[in-house]
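All residue numbers refer to positions in the sequence shown, counting from 1.
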Amino acid sequence: MYFNVRGGAGDITKANTSARLQDNLYLAVNSEWLEKAKIPSDRSRTSSFDGIDLNIEKNLMQDFADFAAGKKELPTVPNFKKAVELYKVAKNFDKRNADGAAPIQADLHEILDLRNFADFNLKAADFYKNGFAVPFAFSVEADMKNTKIHSLNFGGPSTFLPDTTTYKTPAAEKLLDVLKKQSIKLLTMAGLDEKDAEDYADLAIKYDAKIAKVVKSTEEWADYPATYNPVSLTDFEAKFDSFKMDYFLGGLFTKKPERIISTEPRYLDHAEELLNEENFAEIKAWMLVKFINGVAYSLSQDFRKAAFPFSQALSGQPELSSGVKQAYHITNGDFGEVVGVYYGQTYFGAEAKADVTDMIHKMLDVYEKRIRENSWLSQATKDKAIVKLRALILKIGYPDKIEEIYDRLQVDPTASLYENEVQFGREQIKYNLEKLYQDVDRTVWLMPGDMVNACYDPQRNDLTFPAAILQKPFYDLKQSRATNYGGIGVVIAHEVSHAFDNNGAQFDEFGNMKNWWTDEDFAEFKKRTQAEIDLFDGIEYGPVTLNGKQIVSENIADQGGLTAAVEANKGEGADKKAMQELFENFARVWATKQLPESIKTQVSIDVHAPGPERANVQSQCQEEFYKAFDVTENDGMWLAPEKRVVIW
């Protein structure tokens with residue numbers, strides 16, 4: 001038996017072909033797959049998502065090989081020729097290997113030649129504009145309280161380890177030792193003396209530990225509205241004494257903004273402690289270690305191999321990917337929207353788009369019905385929620401136009417891969433900074449068409465469903481409607497639910513952060529949100545324990561998504577068998593086989609619960625699940641009614 005109040009006992013990362021649906025939905029559906037599934041040697045997991053991604057990767061890699069060889073005529077997609085040119089540059093390992101560390105020497109010495117903190121003050125703006133890592137971060141984003149305009153956001157830098165919580169684990173010392181050895185190896189390959197390289201690595205790790213004490217954890221970042229903390233320019237610059245922030249901002253903008261949005265108030269309060277003359281040697285070393293580990297991927301095969309151990313320690317991935325595969329992924333990364341449009345036009349059918357669009361509208365109708373019939377909301381809040389629901393903008397398949405940034409990127413076939421990548425980085429930073437005094441373009445897509453994912457953007461109040469996710473097991477024209485509801489139906493309603501999760505609920509139909517709730521309704525919502533936190537908090541999954549607060553927004557979306565899909569299925573007259581098909585496919589889409597190291601890293605930085613737990617725990621909260629499979633209190637999937645969480 002699998003008795004567990006939270007979704008099936010035992011280690012559900014391992015197959016159990018004798019599991020009953022009534023005891024463990026996920027294992028009953030996926031154990032045969034878990035036994036047969038093989039994790040590719042250059043990946044750290046395989047899953048339903050990854051299976052689709054691998055197929056896309058295979059098709060697009062072949063397409064790029066054919067385009068590069070002249071065997072296939074280039075499509076008319078804007079900027080696609082540039083993508084093929086970059087692919088050729090990235091694939092040319094004869095040149096990459098012959099160049100060795102030569103392409104990075106000038107930039108490497110920009111850091112090495114820093115003399116003191118005053119010198120850093122003078123050059124920091126240029127470092128930032130040229131894509132070097134500096135110990136803070138700026139970005140121009142839509143203003144949360146007026147999404148027609150942009151604001152300048154400020155926060156701390158990323159740390160060496162995946163999350164601040166990782167530093168408190170027994171694995172931290174070992175991981176940092178791997179990074180230290182890797183950094184020393186890379187710096188010596190770049191021409192530094194080994195003793196100097198070792199000193200730089202030690203100082204960098206020492207400085208990183210200081211940063212890790214004040215930057216936000218993933219759990220803190222999961223509270224999206226808490227990142228909005230406007231500070232006047234005068235008060236912001238006053239937080240810095242040793243570092244000349246006024247001079248730095250003057251180097252970025254001809255007209256400085258009147259205020260800055262501090263996404264990390266704690267970091268801002270400690271900025272002077274981190275950015276000062278006393279810490280100069282550590283700052284320089286940290287920038288150097290960030291630089292060498294960040295650029296190694298664009299150099300020779302030897303540099304790629306030397307930069308692999310730390311990534312391998314974090315993910316468990318057995319082998320480095322092939323050079324030709326890396327060339328494709330670099331191209332897909334730099335020209336994502338361009339490649340996504342090509343993928344959508346080539347592999348996504350009009351019939352499927354029409355059918356999925358119809359499903360989305362059905363799910364929106366179901367959602368509106370559920371809001372109208374909601375038992376714990378006042379009429380005033382219901383009315384506002386429906387206004388927001390009906391204002392949602394749909395983005396399905398791939399965009400009609402490609403964002404302007406891709407017109408600006410230029411590929412030099414005679415230059416090194418590193419030089420091309422640096423130019424791209426500079427142009428992207430310039431493009432972002434230029435937005436500060438421009439209106440927000442609400443037509444921009446957050447995801448390319450070949451990404452196996454979907455998303456909701458609270459500041460645009462839009463839903464994006466890339467072409468790539470609209471295939472089996474999520475969706476297929478030949479699958480039953482019930483099966484599709486258990487896949488893409490849940491995905492659709494999941495993204496809709498993000499408009500009403502603990503973060504999205506604080507934004508209105510225009511994407512502005514604004515309270516549209518009555519006090520009583522929001523108090524009840526917070527109570528139910530806490531119940532969702534408690535539902536997942538402390539669940540053991542393989543080598544980790546889940547943090548309910550960190551993953552609550554995605555769990556609220558899962559709850560709303562599955563509930564709406566079940567209701568839509570019922571609305572089409574689903575019988576018991578059809579409801580079984582829905583829950584079985586819901587479990588199937590979360591099929592996952594993952595290396596322990598990868599699980600540890602993912603759970604430390606991800607705001608999603610592991611797929612298997614999403615399948616089991618959310619199903620336990622659905623009354624129709626119990627009816628479909630005749631689950632009783634004697635079965636492992638039974639969850640007492642008072643513990644089931646229902647929000648949307």
Side-chain angles (χ1 to χ4, degrees), residues 139-153 155 216 220-230 259 261-264 360 363-364 367-368 370-371 374 376-378 380-395 435 439-447 454-465 492-529 532-533 549-561 564 607-608 647-648:
S139 66
V140 174
E141 309 290 346
D143 188 279
M144 281 194 198
K145 290 203 171 181
N146 181 3
T147 54
K148 292 180 180 180
I149 64 171
H150 288 98
S151 59
L152 182 63
N153 291 6
K216 284 185 174 182
E220 290 174 299
W221 279 116
D223 186 353
Y224 188 49
T227 64
Y228 191 80
N229 304 281
R259 61 174 191 158
I261 307 301
S262 173
T263 61
E264 294 195 83
I360 293 172
M363 298 307 290
L364 290 173
Y367 226 94
E368 179 173 339
R370 286 193 60 76
I371 291 172
N374 183 289
W376 57 272
L377 287 176
S378 67
T381 304
K382 288 181 185 181
D383 291 343
K384 291 283 190 180
I386 291 168
V387 167
K388 182 175 184 180
L389 180 75
R390 288 305 174 184
L392 281 166
I393 296 166
L394 305 182
K395 296 176 177 177
K435 290 181 179 180
D439 290 339
V440 172
D441 182 357
R442 301 179 79 90
T443 68
V444 170
W445 283 47
L446 295 186
M447 291 180 170
C455 67
Y456 168 74
D457 181 356
Q459 290 177 263
R460 286 181 171 85
N461 197 33
D462 66 21
L463 304 171
T464 302
F465 301 101
I492 292 166
H494 169 102
E495 300 306 338
V496 174
S497 297
H498 273 309
F500 307 103
D501 69 16
N502 58 307
N503 291 319
Q506 299 182 59
F507 294 82
D508 68 13
E509 69 270 25
F510 303 110
N512 296 320
M513 190 159 69
K514 181 181 178 182
N515 182 21
W516 46 270
W517 296 69
T518 66
D519 291 343
E520 295 80 5
D521 289 348
F522 200 71
E524 177 63 25
F525 176 65
K526 287 175 71 174
K527 178 181 172 185
R528 289 169 183 257
T529 296
E532 190 72 59
I533 291 172
K549 190 174 180 181
Q550 178 177 309
I551 57 180
V552 65
S553 65
E554 294 296 336
N555 288 335
I556 291 172
D558 277 347
Q559 184 276 321
V607 293
H608 301 80
I647 303 177
W648 300 114

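Ring-plane geometry between F525 and F522 is classed as tilted, the angle between the planes lying from 30 to 60 degrees on a 0 to 90 degree scale. The aromatic rings of W516 and F500 sit perpendicular, their planes meeting at an angle over 60°, well past the 30° parallel limit.
Taking the charged nitrogens against the carboxylate oxygens, R528 and E532 have no contact shorter than 4.0 Å, which rules out a salt bridge. Electrostatic pairing of R259 and D143 counts as a salt bridge here, judged by a charged N lying under 4.0 Å from a carboxylate O.
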Exercise for the section: Would you please test I556 and T529 for side-chain contact (heavy atoms from CB on, under 4.5 Å) and show each step? Expected result: CA-CA 7 Å; I556 291 172; T529 296; 3.9 Å; yes
Practice task
Please lay out, stage by stage, how F507 and K388 fare under the test side-chain contact (heavy atoms from CB on, under 4.5 Å).
Solution key: CA-CA 9 Å; F507 294 82; K388 182 175 184 180; 4.1 Å; yes
Exercise for the section: Kindly indicate, with the supporting measurements, whether the criterion side chain to side chain donor-acceptor pair (under 3.5 Å) is fulfilled by N153 and T263. Expected result: CA-CA 7 Å; N153 291 6; T263 61; over 6 Å; no
Practice task
Could you check W445 against D462 for side-chain contact (heavy atoms from CB on, under 4.5 Å), going step by step and ending with a plain yes or no?
Solution key: CA-CA 9 Å; W445 283 47; D462 66 21; over 6 Å; no
Exercise for the section: Would you check, one step at a time, whether the test side chain to side chain donor-acceptor pair (under 3.5 Å) holds for Y456 with S497? Expected result: CA-CA 9 Å; Y456 168 74; S497 297; over 6 Å; no
Practice task
Go through H494 and D558 one step at a time and tell me if the side-chain contact (heavy atoms from CB on, under 4.5 Å) criterion holds.
Solution key: CA-CA 5 Å; H494 169 102; D558 277 347; 2.8 Å; yes
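Sparse packing is recorded around CZ of F510, with 12 or fewer heavy atoms of other residues, nucleotides or ligands lying under 6.0 Å away. Taking a 6.0 Å sphere around NZ of K549, one finds it holds 12 or fewer heavy atoms contributed by other residues, nucleotides or ligands. For NZ of K382, the number of neighbouring non-hydrogen atoms (other residues, nucleotides, ligands) closer than 6.0 Å is greater than 12. Heavy atoms from other residues, nucleotides or ligands lying under 6.0 Å from NZ of K395 number more than 12.
Using a 4.5 Å heavy-atom threshold, the side chains of Y224 and N502 count as separate. Side-chain contact check for K435 versus E141: every heavy-atom pair is 4.5 Å or farther apart. Within the 4.5 Å cutoff, side-chain heavy atoms of V440 are placed close to those of H150. Contact of the W648 side chain with the D501 side chain is not registered, since no non-hydrogen atoms from C-beta on lie closer than 4.5 Å.
When all heavy atoms are compared, the tightest approach of E220 to K216 is OE1-CA, 3.2 Å. Across E554 and V607, no two heavy atoms sit closer than the pair CG-O, 3.1 Å. Nearest heavy atom pair, residue A564 against residue Y367, reads CB-CD1, 4.0 Å. In this structure, N503 and A222 approach most closely via the heavy-atom pair ND2-O, 2.8 Å.
Checking side-chain atoms of N555 against main-chain N and O of I551 turns up a donor-acceptor pair under 3.5 Å. With hydrogens and angles ignored, the 3.5 Å screen pairs no side-chain donor or acceptor of D508 with any backbone N or O of K514. Not a single donor-acceptor pair under 3.5 Å links the side chain of R460 to the backbone N or O of T443. Between the side chain of N461 and the main chain of E509, a donor-acceptor pair closer than 3.5 Å is present.
The line from CE of M447 to CG of D457 is 10.5 Å long, rounded to the nearest 0.5 Å. With rounding to the nearest 0.5 angstrom, the CD1 atom of I492 is 4.5 Å from the CD1 atom of I360. Taken to the nearest 0.5 Å, the SG atom of C455 stands 8.5 Å off from the CG atom of L463. Taking CG from L394 and CG from L364, the interatomic distance works out to 6.0 Å, rounded to the nearest 0.5 Å. To the nearest 0.5 Å, atom CE of residue M144 and atom CD of residue Q459 are 5.0 Å apart. Distance check, rounded to the nearest 0.5 Å: CZ of R370 to CG of L377 gives 11.0 Å.
Only one option out of N374, I386, I371, T518 pairs with T381 in a side-chain contact (heavy atoms from CB on, under 4.5 Å); it is T518.
Legend: residues meeting side-chain hydrogen bond (donor to acceptor under 3.5 Å, both in side chains) with Q506, ordered by chain and number and at least two apart, are absent.
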